[in-house]
Amino acid sequence: MFFNRKKEVVFAAVSGELIKIEDVNDPVFSSKAMGAGFGIEPEEAAVYSPINGKVVSVFPTKHTILLETKKGQPVLVHIGIDTVELNGQGIEVHVDSGQTISEQTLLATVDLPFILEQGKQTTVIIAFENREAIELTNAVGVNVHDNLGIL
């Protein structure tokens, strides 16, 4: 029964500054109501999968993509803060529900200047539903695909 004890790796979805979930400027996430996780202040437009698994759903407003690890852990990729109000403008999604993904899978491309011009923040938030904590690196600056920790 040891086969299920293998830990799953969490990757940086985008290059930028890694921030604790408690420091994300959105009370729904900073309170951990959506689970443990982290944010990244992005330095580039391409957002990749932070896990190996599959796409469960893409919200119609494109700002949120729900993923699931191979072991069944739900993972929320939330692009920007209050970007739901943009109804998908500034975000181009490249995946579909049911698609198998890895850390090399491009989930979305974000028009960062457009998002900022709309008065929204560009923080990419990764939340692990129903988890109180995850083991993360202490690094501040991260590059896309970096190993950030384990579930």
Side-chain angles (χ1 to χ4, degrees), residues 8-70 73-131 133-134 136-151:
E8 293 184 290
V9 177
V10 177
F11 301 95
V14 65
S15 296
E17 180 187 346
L18 182 66
I19 56 177
K20 294 178 182 177
I21 195 78
E22 298 88 353
D23 296 332
V24 168
N25 194 22
D26 184 322
V28 172
F29 290 100
S30 63
S31 69
K32 294 188 179 180
M34 300 302 293
F38 57 91
I40 300 177
E41 296 297 344
E43 295 175 349
E44 54 193 33
V47 178
Y48 288 83
S49 174
I51 53 104
N52 290 309
K54 69 178 181 179
V55 177
V56 175
S57 66
V58 177
F59 282 47
T61 51
K62 302 180 188 176
H63 77 292
T64 301
I65 302 170
L66 181 60
L67 310 176
E68 185 177 88
T69 69
K70 289 181 179 181
Q73 170 66 55
V75 181
L76 198 65
V77 178
H78 192 276
I79 301 169
I81 296 175
D82 294 331
T83 48
V84 64
E85 298 167 3
L86 301 178
N87 288 318
Q89 293 180 355
I91 302 171
E92 181 181 356
V93 175
H94 304 288
V95 292
D96 294 308
S97 297
Q99 182 176 335
T100 299
I101 53 169
S102 74
E103 77 275 9
Q104 299 295 323
T105 305
L106 179 63
L107 298 179
T109 305
V110 183
D111 185 340
L112 299 174
F114 174 81
I115 301 289
L116 292 170
E117 287 167 8
Q118 305 311 305
K120 309 300 179 194
Q121 294 178 313
T122 57
T123 311
V124 175
I125 304 166
I126 311 298
F128 300 87
E129 295 181 9
N130 306 315
R131 299 270 313 213
I134 59 171
L136 279 181
T137 180
N138 289 325
V140 175
V142 297
N143 294 309
V144 69
H145 311 309
D146 279 358
N147 180 334
L148 297 184
I150 55 174
L151 293 174

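Note: hydrogens, waters and symmetry copies are ignored here, and every other heavy atom, side chains too, is used.
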Next on the checklist: Does Q121 form a side chain to side chain contact (heavy atoms under 4.5 Å, CB included) with D82? I'd like the steps, not just the answer.
Outcome noted: CA-CA 7 Å; Q121 294 178 313; D82 294 331; over 6 Å; no
Checklist entry - Just how far is it from atom CG of D23 to atom OG of S30, taken to the nearest 0.5 Å? => result 8.5 Å
Checklist entry - Can you name the nearest heavy-atom pair linking S97 to V58, along with the distance? => result OG-N, 4.0 Å
Checklist entry - Is it true that a side-chain atom of S102 and a backbone atom of N52 form a donor plus acceptor pair closer than 3.5 Å? => result no
Item to check | Trace of the side chain to side chain donor-acceptor pair (under 3.5 Å) decision for E103 with S49 | outcome: CA-CA 5 Å; E103 77 275 9; S49 174; over 6 Å; no
Checklist entry - Do you know which two heavy atoms are closest between I150 and I134, and how far apart they sit? => result O-CB, 4.2 Å
Item to check | Salt bridge E92-K62, side-chain N to carboxylate O under 4.0 Å | outcome: no
Next on the checklist: Would you say that L86 contacts F114 through its side chain, given a criterion of any heavy-atom pair below 4.5 Å between the two side chains?
Outcome noted: yes
Checklist entry - Would a distance-only check, ignoring hydrogens and angles, find a side-chain to backbone donor-acceptor pair under 3.5 Å from H145 to N147? => result no
Next on the checklist: What I'd like to find out is whether the side chain of I125 reaches to under 4.5 Å of the side chain of I21, using heavy atoms alone.
Outcome noted: yes
Next on the checklist: Please report the interatomic distance CG(L112) to CD(E41), rounded to the nearest 0.5 Å.
Outcome noted: 10.5 Å
Next on the checklist: As a quick check of understanding, evaluate side chain to side chain contact (heavy atoms under 4.5 Å, CB included) for L116 and T122, giving each step before the final call.
Outcome noted: CA-CA 7 Å; L116 292 170; T122 57; 3.9 Å; yes
Item to check | Qualifying residue for side-chain contact (heavy atoms from CB on, under 4.5 Å) with T137, from V10, D146, L148 | outcome: L148
Checklist entry - Does L66 reach the side chain of E129, with side-chain heavy atoms less than 4.5 Å apart? => result yes
Item to check | pair Q99-T105: side-chain heavy atoms closer than 4.5 Å | outcome: yes
Item to check | side chain to side chain contact (heavy atoms under 4.5 Å, CB included) between F59 and V84, intermediate numbers included | outcome: CA-CA 9 Å; F59 282 47; V84 64; over 6 Å; no
Checklist entry - Say you draw a straight line from CD1 of I79 to OG1 of T64; how long is it, rounded to the nearest 0.5 Å? => result 7.5 Å
Item to check | Closest contact, heavy atoms only, I40 versus A13 | outcome: CD1-N, 4.1 Å
Next on the checklist: Quick check: do E17 and V140 have side-chain heavy atoms less than 4.5 Å from each other?
Outcome noted: yes
Checklist entry - Would a 4.5 Å heavy-atom cut-off, applied to side chains only, mark T109 and H94 as touching? => result yes
Next on the checklist: Once you measure the plane-to-plane angle for F38 and F128, does it fall in the parallel (<30°), tilted (30-60°) or perpendicular (>60°) bin?
Outcome noted: tilted
Checklist entry - Taking the side chain as C-beta and beyond, is there a heavy-atom pair between I101 and I51 under 4.5 Å? => result yes
Checklist entry - Atom CD1 in I115, atom CD1 in I91: separation rounded to 0.5 Å? => result 5.0 Å
Next on the checklist: Would you compute the distance between atom OG1 of T123 and atom CG of N25 and round it to the nearest 0.5 angstrom?
Outcome noted: 7.5 Å
Checklist outcome for this item: Rounding to 0.5 Å, atoms NZ (K120) and CD (E85) come to a distance of 3.5 Å
Item to check | Within-4.5 Å side-chain heavy-atom neighbours: P50 and V75 | outcome: yes
Checklist entry - What residues, two or more places apart in sequence or in another chain, satisfy side chain to side chain donor-acceptor pair (under 3.5 Å) together with T69? => result E8
